[in-house]
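Everything below concerns the one structure shown next.
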There are 2 protein chains.
Amino acid sequence: MKPVTIDDVAKRAGVSIKTVSRVVNREPNVRSATREKVEEAIAALNYRPNPSARGLAGRRSYLIGLLYDNPSPSYLANLHAGVMEACRELEYGLALSPVAYADPDMVAHVRAWLRQAQIDGVIVTPPLSDSAELIAAIRADNIPAIVVSTKGPGIVPAVLIDEEQAAHDMTSHLIGEGHKSIGFIIGHPDHYASERRLAGFRRAMQEAGLAAPDDVVRQGYFDFDSGRTAAVELLDLPSPPTAIFASNDDMAAAVLFEAQARKLSVPGDLAVAGFDDTPLSRQVWPGLTTVRQPIRTIGRTAGKALLDAIGAGGMPADVPEPVVMSFELKRRGSTGPHADD
Amino acid sequence: MKPVTIDDVAKRAGVSIKTVSRVVNREPNVRSATREKVEEAIAALNYRPNPSARGLAGRRSYLIGLLYDNPSPSYLANLHAGVMEACRELEYGLALSPVAYADPDMVAHVRAWLRQAQIDGVIVTPPLSDSAELIAAIRADNIPAIVVSTKGPGIVPAVLIDEEQAAHDMTSHLIGEGHKSIGFIIGHPDHYASERRLAGFRRAMQEAGLAAPDDVVRQGYFDFDSGRTAAVELLDLPSPPTAIFASNDDMAAAVLFEAQARKLSVPGDLAVAGFDDTPLSRQVWPGLTTVRQPIRTIGRTAGKALLDAIGAGGMPADVPEPVVMSFELKRRGSTGPHADD
DNA sequence: GTGAAAGCGCTAACAC
DNA sequence: GTGTTAGCGCTTTCAC
């Protein structure tokens, strides 16, 4: 069975192959009637351009890259799905590339990969997106790039939520339920989001006139085990907090785990809140109150912006303002009115 | 910076481009003196063949595909990582393709994708891998394929674990801890593993001389909500089982959730076991006793076997025996001695 | 054993 | 707005 080529489409639509190419690549200067005819033929024949031919002729790969370092599987799956949606429309492919952030040759590895695979643009996820050296190198190689879930070094566009505001709102929610002593578990220090979430927590506490002494703010690393350690420390305090807000769901689940192990009732004895709304937050008992981020939409938005930049022949000279997506508080069983008083 | 092409290498080595091509592709019929000259030139120039040009001229993509339908993110992430390991050595790329199993045009969509993207071979995951129609179509198109986590229709190689034995061993473990009435939650009916795990459960019960009446065997669909429904039904029974074995971790977590909601103590009042050893199994309280599968190794093994077949010019005439990987029982807090008697 | 020529399917440049 | 022509860098085919 011979693959459908651009010639077949051109013949069926009664136009030249160049016009088909224009339609496929969303170029201007095509009359809409012509465009429709071509689109009809593409659909009827179920035509898909041959990526190798495109790459060879266009001196690019029609591939965008997604760089990540060990994110939570659901984060990656959602982001990936979102970026794919953006790619599908423009017939772009998506190449995933795991990168070891801590590798001393990390920047060199990434550059080699981008060049070798002829990647046309990249989406960079935390914590890689906060490596000023990496982002600068990618820009220097003149490869369009976008960072997600962080502002990055400010030299490429970003798509994110207002982490500070989200953490503020969650903290305020806990305060509104009567909690006065709230523990906080910070995320991985290399992530932009960690600092913002802590800032939001502090602002909300301050606005309510509540204290947030150093011993109720603990360092975690976004993983379950560090969350458990932090939970142990917080609950071993002479007067432990009545609520704990962890910077992500994995760590919040660990707090829940430790609370259960101590036979504390949740939320009666201890309220727990997380961040991210991962599947985990619905699967632990009681369900985790958390902040939902539209990861998939972030992926789609970043993908579209990146493809726009590629289509426009590169990144614009001045960096656009970060795109800020909305978030949502999801209230589940792990938080509730504080009744100790 | 102009990329080094095959012409540059040919010029420097003083041979024709065809000879360079022969050396690069490890074809026979090149005198070793010639080969060495060419290799020297390749090294000196740091030449890498352009994948697009290779793909276009050679009518293949140097890409393998991974077909999936909504698997758990951690399953996909691990499998993906394993397949990538296999790809890296041979400079192959990996393209992911989400497929809607229930789509009436599913087979046509997959065939179109394989054809248009010129995919050189595919790895197919459950439940797609159990669609005899799909696998037959892929074989008919003469595209090398391998199924994982299932035996498939038997016309392509498979990499899996002995699901029946694993479920048998877990059931025996529960029996060994004193449970006589054990509930079972079946997985999604379209998955091969579901049937095998049920069979293993039944065999273990039978070997122990225990009954497994129909009302303690409930249908689930591998997701949390169906697990919860099944758990409710089982726990509402006039004499509920003292242990529940769910066919995967998501459903087992739902059993745990329902047990907590009913203030049942686990494992005292109810023991719970899962399957897959997803991250979730360590993050719920108490930790889930479960079966660990080496997903990443399965991916690497399948990837290597597929690349071997591609390199050998296609699938061998007779289908090799399935590769059976080992599994492991992970004992955590959700199971323990039964003390009711 | 080696080379010359003919494309693979598409985009870029420029003509109309 | 649309078509024509000339490659992109490689493998294939078939000469020698």
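Lettering of chains follows the sequences in order, A, B, ..., and the numbering in each one begins at 1. Basis for what follows: all heavy atoms, side chains included, without hydrogens, waters or symmetry-related copies.
Applying the side chain to side chain donor-acceptor pair (under 3.5 Å) rule to B/Arg22 yields no partners; only residues at least two apart in sequence or on another chain are considered. Take B/Ala57 and apply the side chain to side chain contact (heavy atoms under 4.5 Å, CB included) test, not counting sequence neighbours, and it matches no residue. In this structure, the side chain to side chain donor-acceptor pair (under 3.5 Å) partners of B/Glu40, at least two apart in sequence or on a different chain, are B/Arg12. For B/Lys37, the side chain to side chain contact (heavy atoms under 4.5 Å, CB included) partners are B/Val15, not counting sequence neighbours. Taking the ring-ring contact (aromatic ring centres under 6.0 Å, His included) definition, one finds that B/Tyr47 meets it with nothing, sequence neighbours left out. With sequence neighbours excluded, the residues satisfying side chain to side chain donor-acceptor pair (under 3.5 Å) with A/Asp130 are A/Thr150. Residues passing the side chain to side chain donor-acceptor pair (under 3.5 Å) test with A/Arg35, sequence neighbours excluded: none.
Atom OH of A/Tyr62 is separated from atom P of D/dC8 by 16 Å (rounded to the nearest Å). Whole-Å rounding puts the B/Asp7 CG to D/dT11 P distance at 12 Å. Residue B/Arg48 contributes atom CZ, which lies 16 Å from atom C1' of D/dG9 at whole-angstrom precision. A/Asp8 places its CG atom 13 Å from the C1' atom of C/dC10, with the value rounded to the nearest Å. If you take CD of B/Gln118 and C1' of D/dT11, they are 14 Å apart, rounded to a whole angstrom.
The residue B/Asn50 sits close only to the backbone: its heavy atoms come under 4.0 Å of sugar-phosphate atoms, none of a base.
DNA chain D lies under 4.0 Å from no heavy atom of any residue of residues 34-42 of chain B. Listed in residue order, the members of residues 9-24 of chain B having a heavy atom less than 4.0 Å from DNA chain D are B/Ile17, B/Lys18, B/Ser21.
Here the CG atom belonging to A/Leu114 is positioned 4.5 Å from the CD1 atom belonging to A/Ile143, to the nearest 0.5 angstrom.
With respect to the salt-bridge test (charged N to carboxylate O, under 4.0 angstrom), the residues A/Arg111 and A/Asp141 qualify.
The stretch residues 69-100 of chain A participates, sequence neighbours left out, in these ring-ring contact (aromatic ring centres under 6.0 Å, His included) pairs: A/Tyr62-A/Tyr92. Residue pairs satisfying the ring-ring contact (aromatic ring centres under 6.0 Å, His included) criterion with at least one member in residues 95-141 of chain A, sequence neighbours excluded, are absent.
Which of C/dG9, D/dC10, C/dT2 sits closest to the side chain of B/Val30 comes down to C/dT2.
Annotation: of the two residues near DNA chain C, B/Asn29 and B/Leu56, the 5′-most nearest-nucleotide partner is B/Asn29. Residues B/Arg31 and A/Gly55 each lie close to DNA chain C; by heavy-atom proximity, the contact nearer the 5' end of the strand is made by B/Arg31.
For C/dT11, one of the phosphate oxygens OP1 or OP2 lies less than 4.0 angstrom from a side-chain nitrogen or oxygen of A/Arg54.
When the C1' atoms of four end pairs are superposed on the next four at each end of the helix from C/dG1-D/dC16 to C/dC16-D/dG1, using five pairs per end, the two resulting axes differ in direction by 30°, to 10°.
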